[in-house]
Amino acid sequence: IARRWRQHLASNSKWPLSGADITEAVFHSMPNSTKLEREVYEHYLIDLYKPNLNSVRPMGGREDTFRLMYDFVIRKYDLPR
């Protein structure tokens, strides 16, 4: 998580965050999750707060499949919407 978080905070990041954003950060536990499941939820959160920021979808261009997948991941790990 820490490595991924630093990637988002990099100075050349498309989403540079301020100190206030960092103190408000919340991490969600997803025990035994796959990389795809984590990427899907991460992308869901990015779309929720910064729509159209991340142009690379974990499911490719299949928007309907992506929506089914993030709904599945949210229910499976009891994550907030």
Self-check item: Heavy-atom pair of closest approach, residues Phe66 and Val40
Solution: CE1-O, 3.9 Å
Quiz item: Hey, mind stepping through Val73 and Arg38 against side chain to side chain contact (heavy atoms under 4.5 Å, CB included) and telling me if it holds?
Solution: CA-CA 8 Å; Val73 169; Arg38 292 187 300 273; over 6 Å; no
Quiz prompt | Leu36-Leu68 co-clustered via ILVMFWY side chain contacts under 4.5 Å | solution = no
Quiz item: Can you name the nearest heavy-atom pair linking Pro80 to His28, along with the distance?
Solution: CG-CE1, 3.3 Å
Exercise. Using modelled atom types only, decide if a donor and an acceptor are shared between the side chain of Arg81 and the backbone of Ile74 within a distance under 3.5 Å.
Key: no
Quiz item: When the ring centroid of Tyr70 is compared with that of His43, is the distance short of 6.0 Å?
Solution: no
Self-check item: Value rounded to 0.5 Å, distance of OG in Ser29 from OH in Tyr77
Solution: 9.5 Å
Quiz item: What's the spacing between Met30 CE and Asp78 CG if we round to 0.5 Å?
Solution: 11.5 Å
Practice problem: Output yes when Arg67 and Asp71 qualify as a salt bridge under the 4.0 Å nitrogen-oxygen rule, no when they do not. | Solution: no
Quiz item: So do the side chains of Glu37 and Lys76 get within less than 4.5 Å of each other, counting heavy atoms only?
Solution: yes
Quiz prompt | Student check: side-chain heavy atoms of Glu39 and Thr34 closer than 4.5 Å | solution = no
